[in-house]
Protein chains: 2
Amino acid sequence: VEVAKLLELKLRLGGDDVKHQFVLKTPKGTRDYNPKQMAIREKVFNTIVGCFKRHGAETIDTPVFELKETLTGKYGEDSKLIYDLKDQGGELLSLRYDLTVPFARYLAMNKISNIKRYHIAKVYRRDNPAMTRGRYREFYQCDFDIAGHYDPMIPDAECLRIVSEILGELDLGDFHIKVNDRRILDGMFAVCGVPDDKFRTICSTVDKLDKMCWEDVKNEMVKEKGLSEEAADMIGQYVSMQGGMDLAVRLLEDPKMSQSKQACAGLGDMKQLFSYLELFQVTDKVVFDLSLARGLDYYTGVIYEAMLGPAGATTPPPPPPPQAGAPKAEESLSVGSVAGGGRYDGLVGMFDPKGRAVPCVGVSIGVERIFSILEQKAEAEKVRTTEVQVLVASAQKNLLEERLRLVTELWNAGIKAESMFKKNPKLLSQLQHCEESGIPLVAILGEQELKNGMVKLRTVATREEVDVSRADLIEEIRKRTSTV
Amino acid sequence: VEVAKLLELKLRLGGDDVKHQFVLKTPKGTRDYNPKQMAIREKVFNTIVGCFKRHGAETIDTPVFELKETLTGKYGEDSKLIYDLKDQGGELLSLRYDLTVPFARYLAMNKISNIKRYHIAKVYRRDNPAMTRGRYREFYQCDFDIAGHYDPMIPDAECLRIVSEILGELDLGDFHIKVNDRRILDGMFAVCGVPDDKFRTICSTVDKLDKMCWEDVKNEMVKEKGLSEEAADMIGQYVSMQGGMDLAVRLLEDPKMSQSKQACAGLGDMKQLFSYLELFQVTDKVVFDLSLARGLDYYTGVIYEAMLGPAGATTPPPPPPPQAGAPKAEESLSVGSVAGGGRYDGLVGMFDPKGRAVPCVGVSIGVERIFSILEQKAEAEKVRTTEVQVLVASAQKNLLEERLRLVTELWNAGIKAESMFKKNPKLLSQLQHCEESGIPLVAILGEQELKNGMVKLRTVATREEVDVSRADLIEEIRKRTSTV
């Protein structure tokens with residue numbers, strides 16, 4: 001019977017041939033996070049959540065999938081990138097594509113008309129991944145949104161202040177935030193003579209200005225999209241404009257722009273926005289840029305996008321300075337946008353049975369690109385992946401029970417402690433474990449110490465050892481780790 | 001043109017008929033978390049993660065979906081509950097069913113042979129939901145696992161200590177943890193005369209003892225599964241046994257049990273386990289219970305399951321005492337198992353191209369049931385969903401700019417602060433907002449205060465107001481909120 005069982009087991013585990021059919025990988029465009037990456041991720045999230053909480057946000061969570069129809073008609077052409085679930089009977093489901101549409105669904109479903117909330121979760125897009133630059137098919141979004149009927153531009157300005165605080169705190173070097181307004185764009189297209197039915201497609205072409213030069217963009221407008229050369233040139237003049245409140249004031253007096261009601265509404269609000277940004281002390285980070293277009297259909301007012309590098313750089317910023325162990329310059333990542341958002345006053349109404357609108361403005365932090373940068377920076381560094389304060393070790397054999405007794409005392413006192421799972425580990429390998437994982441203290445037990453009611457407390461960094469009485473040990477560890 | 005646009009917009013937003021096709025809900029078996037539920041969830045996760053970190057764990061993350069073949073052949077009959085993704089070209093994918101199989105895949109893929117890691121993430125099962133009792137199709141697992149070749153029962157005992165710490169800290173009332181061993185179960189079946197090919201199916205029937213009485217279980221064994229009456233009765237005698245180390249010692253001397261090598265190996269380890277549990281000070285919470293079976297195929301040694309209520313209670317514990325606003329007794333949730341786990345020494349080898357084994361033992365905390373209990377407890381209570389320390393308010397009109405200036409000063413100092421998004425909110429509505437969301441302090445600006453360089457600082461709870469100079473304000477807020 002024993003032999004039969006073993007044979008059956010062997011068969012079940014399979015021979016080498018069976019094994020090799022197995023592809024040992026994560027799905028295309030996804031990745032695991034190892035402990036070091038998780039430590040970086042945790043730090044970034046703590047900074048972001050800290051900022052969201054400082055601004056009084058609550059948080060919600062929604063399921064990873066939604067009814068397929070909830071997502072239908074929200075993303076235009078990008079809908080083809082939505083992951084659908086297999087029809088296994090019951091409802092047709094799709095993985096969420098962003099956090100904004102589920103948020104709008106949540107507001108409509110619960111009849112909430114004002115809230116300041118953040119939501120940090122993974123979203124899914126069947127896009128072409130470029131993983132070295134932080135572009136994945138499964139990726140995190142960190143969204144902060146303000147819903148409610150308020151006086152114009154106050155919440156919008158707070159969103160920009162939040163982006164500025166977060167990018168500043170994450171210490172990613174210089175950055176700037178471009179702002180524009182859908183109404184200014186539409187007004188500009190109108191006064192430049194773009195036919196109404198070409199607004200959206202011309203807007204998509206303008207959106208490419210961060211990757212293409214003006215000549216190529218103009219070419220696409222005229223040759224591919226059939227715009228007149230004059231209209232294109234006129235657009236070209238406007239989209240080269242950058243400034244602050246002064247530019248909004250100037251454009252309000254522009255003979256053409258001032259003819260569009262929409263543009264004037266947008267420009268008036270832009271002026272107001274900059275006055276609040278002044279009070280929020282972030283005007284040095286924000287540029288009113290008429291070339292900023294942004295793809296998503298649902299924006300109705302202010303739009304913005306944050307880029308690393310100083311203002312005025314239209315090309316992606318230079319990579320961070322090379323470090324020991326970092327890849328060569330040409331392999332280095334180039335990162336463009338690290339945050340974006342805008343006002344979408346119509347989306348919630350699309351879900352409400354009575355079409356009741358809830359105005360919203362929000363921002364999404366592109367953490368994957370930020371992870372990429374920080375992971376690259378950390379490549380040469382040692383990053384701790386545990387928080388253990390003390391290893392309970394033994395200098396002689398047969399002290400497992402004493403080690404377990406002591407580690408239990410430490411856990412009872414709330415101290416982060418571990419002891420090796422071997423009966424008789426060598427002292428050297430115990431010390432090595434501390435070096436490798438950055439544990440600052442070792443509590444060493446020996447026959448002599450046990451007899452005297454003492455513990456030898458060793459500081460790993462300095463190798464200094466002191467004898468501490470068992471009664472004082474917890475106090476001593478607390479003292480030493482609060483300053484470490 | 002304007003009219004045409006408006007008409008088009010109306011069409012796009014749809015009439016009432018179009019609206020009503022819309023089902024405004026989350027998918028079956030899933031739910032949103034509102035801010036109050038999130039506050040409870042955050043508290044539970046902080047407790048659990050705090051414990052995992054105290055025990056020296058690192059953390060990892062894996063994608064929400066895996067290659068379909070990664071999950072194939074790991075869950076036996078339960079495989080039918082796996083969510084598959086639609087074949088949209090490319091790889092065939094499935095949503096993860098638990099965190100254990102992705103963990104084993106991760107270890108094999110990265111050739112990791114020892115690690116202590118935790119992983120908190122959602123998993124997916126197309127099961128029959130019972131949402132009032134915390135059973136969802138999308139639900140969180142909080143897993144802690146120790147992988148590596150170590151001396152027997154030391155990591156296993158630490159897992160039990162961890163369950164005990166967490167359930168104690170979460171303050172859910174009395175609880176106990178049942179332990180058993182797959183080898184003891186198999187040995188018991190063998191000596192009771194269960195044919196080899198019926199081990200698994202008889203084991204599943206034993207697993208139902210927490211829901212069915214012995215007579216019904218026996219009936220299923222004899223009538224449905226064709227076991228002899230004598231064998232069933234013999235099993236019945238064993239599975240009624242509960243105890244501690246003493247029971248392991250007694251069974252090692254049991255004339256029948258001692259004939260099975262497997263049972264003896266399991267019982268010897270059980271003795272050892274209890275000696276470590278003694279050192280870890282958790283023997284009062286742990287019961288060696290021969291009726292504990294657990295469904296999953298991959299367990300190879302120790303298994304355990306934690307239940308709320310005192311030891312010896314085989315039926316679900318009574319619901320928490322009814323509170324104002326809580327549902328009536330008969331609707332109250334009954335919670336059984338809140339944590340479970342065991343040793344699975346063969347799973348990583350199923351992924352390794354060379355079949356190289358990595359022994360593992362782990363525990364999974366069933367947080368959804370815990371959320372349910374704590375949400376029910378909190379129904380009558382006020383739970384803060386933001387952390388705002390101070391609201392910047394104004395007593396007169398036209399002070400928006402001054403409010404924004406002051407709130408910026410507070411943000412700069414790292415203080416959690418907000419101000420209302422209206423130009424001229426009423427003082428009463430500002431104070432009401434504080435009452436509702438639990439903000440402890442209000443900094444009130446008025447013409448007089450601005451002239452004198454002062455701010456009126458009001459404590460919401462006591463309505464006490466003091467004048468503080470602008471220079472001292474931040475210090476004063478810090479002082480008051482550190483003790484609040």
Side-chain angles (χ1 to χ4, degrees), chain A residues 1 13 19-20 23-24 26-28 30 32-35 38 53-56 58-65 67 83-86 88 90-91 93 106 108-109 122 126 138 150-151 154-155 196 276 279-281 349-351 353 355 385-388 401 404-405 408 411 416 418 421-423, chain B residues 1 13 19-20 23-24 26-28 30 32-35 38 53-65 67 83-86 88 90-91 93 106 108-109 122 126 138 150-151 154-155 196 276 279-281 349 351 353 355 385-388 401 404-405 408 411 416 418 421-423:
Chain A
V1 173
L13 290 175
K19 284 290 155 197
H20 285 146
V23 188
L24 208 54
T26 60
K28 184 179 177 190
T30 69
D32 296 319
Y33 287 79
N34 66 33
M38 287 297 280
K53 286 187 174 175
R54 193 159 56 242
H55 287 264
E58 312 180 278
T59 186
I60 67 159
D61 195 17
T62 63
V64 80
F65 41 60
L67 298 186
Y83 279 98
D84 291 327
L85 270 75
K86 191 168 151 184
Q88 293 170 291
E91 300 159 336
L93 307 173
Y106 174 84
M109 190 172 134
K122 289 176 179 171
R126 293 178 53 255
E138 172 186 61
Y150 300 118
D151 281 313
I154 314 174
D196 278 21
Y276 295 141
L279 294 167
F280 285 155
Q281 302 175 4
M350 290 175 76
F351 288 105
T385 57
T386 74
E387 297 178 7
V388 177
E401 299 203 351
L404 298 187
R405 218 186 294 280
T408 303
W411 290 333
K416 292 167 191 152
E418 61 180 0
F421 295 127
K422 300 263 181 186
K423 279 193 172 169
Chain B
V1 173
L13 290 175
K19 285 289 158 200
H20 285 144
V23 187
L24 206 54
T26 61
K28 185 180 177 188
T30 70
D32 296 320
Y33 287 79
N34 66 32
M38 287 298 279
K53 286 187 173 175
R54 193 159 56 239
H55 288 264
E58 311 179 280
T59 186
I60 67 161
D61 195 18
T62 63
V64 79
F65 41 62
L67 298 185
Y83 278 98
D84 291 328
L85 269 74
K86 191 168 151 184
Q88 293 170 292
E91 300 160 337
L93 308 174
Y106 175 83
M109 190 172 135
K122 288 175 180 173
R126 294 178 52 256
E138 172 185 62
Y150 299 119
D151 282 313
I154 313 176
D196 277 21
Y276 295 141
L279 295 166
F280 284 155
Q281 303 174 3
F351 288 104
T385 57
T386 74
E387 298 179 8
V388 176
E401 299 204 351
L404 297 187
R405 218 187 296 278
T408 303
W411 291 333
K416 293 168 191 151
E418 61 180 2
F421 294 127
K422 300 263 182 186
K423 280 192 171 170

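Lettering follows sequence order; numbering is per chain, from 1.
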For E91(B), is it the side chain, the backbone, both or neither that has a heavy atom under 4.5 Å from a heavy atom of chain A? side chain
Per-residue tally against chain B (heavy atom, under 4.5 Å) across T26(A), T59(A), N34(A) peaks at T59(A)
Partner residues of T386(B) under the side-chain contact (heavy atoms from CB on, under 4.5 Å) criterion, sequence neighbours left out: E58(A), R384(B), V388(B)
Taking every non-hydrogen atom, the tightest pair across P155(A) and D151(A): CD-O, 3.7 Å
Heavy-atom proximity to chain A below 4.5 Å, by part of A108(B): both
Residue part contacting chain A, namely of E138(B), when any heavy atom lies under 4.5 Å: side chain
Holding to side-chain contact (heavy atoms from CB on, under 4.5 Å), I want the full list of residues that pass it with K416(A), two or more places apart in sequence or in another chain. E387(A), Q389(A), R54(B)
Shorter than 4.5 Å, heavy atoms on both sides: which option in K122(A), H55(A), K28(A) has the most such pairs with chain B? H55(A)
Looking only at D61(A), T30(A), T62(A), the option with the highest number of non-hydrogen pairs under 4.5 Å against chain B is D61(A)
Return yes when atom CD of Q88(A) has more than 12 non-hydrogen atoms of other residues, nucleotides or ligands closer than 6.0 Å, and no otherwise. yes
In Å and rounded to the nearest 0.5 Å, what is the CG to OH distance from L85(A) to Y83(B)? 7.5 Å
Looking at T408(B) and L279(A), what are the two nearest heavy atoms and their distance? OG1-O, 3.2 Å
In short, I154(A) meets F421(B) closest at the heavy-atom pair CD1-O, 3.0 Å
Looking at T385(A), L67(A), D84(A), which one has more heavy-atom pairs under 4.5 Å with chain B than the rest? D84(A)
Toward chain B, the part of L93(A) with a non-hydrogen atom under 4.5 Å: side chain
What residue, out of W411(A), F65(A), Y276(A), Y33(A), has the most heavy-atom pairs lying under 4.5 Å from chain B? W411(A)
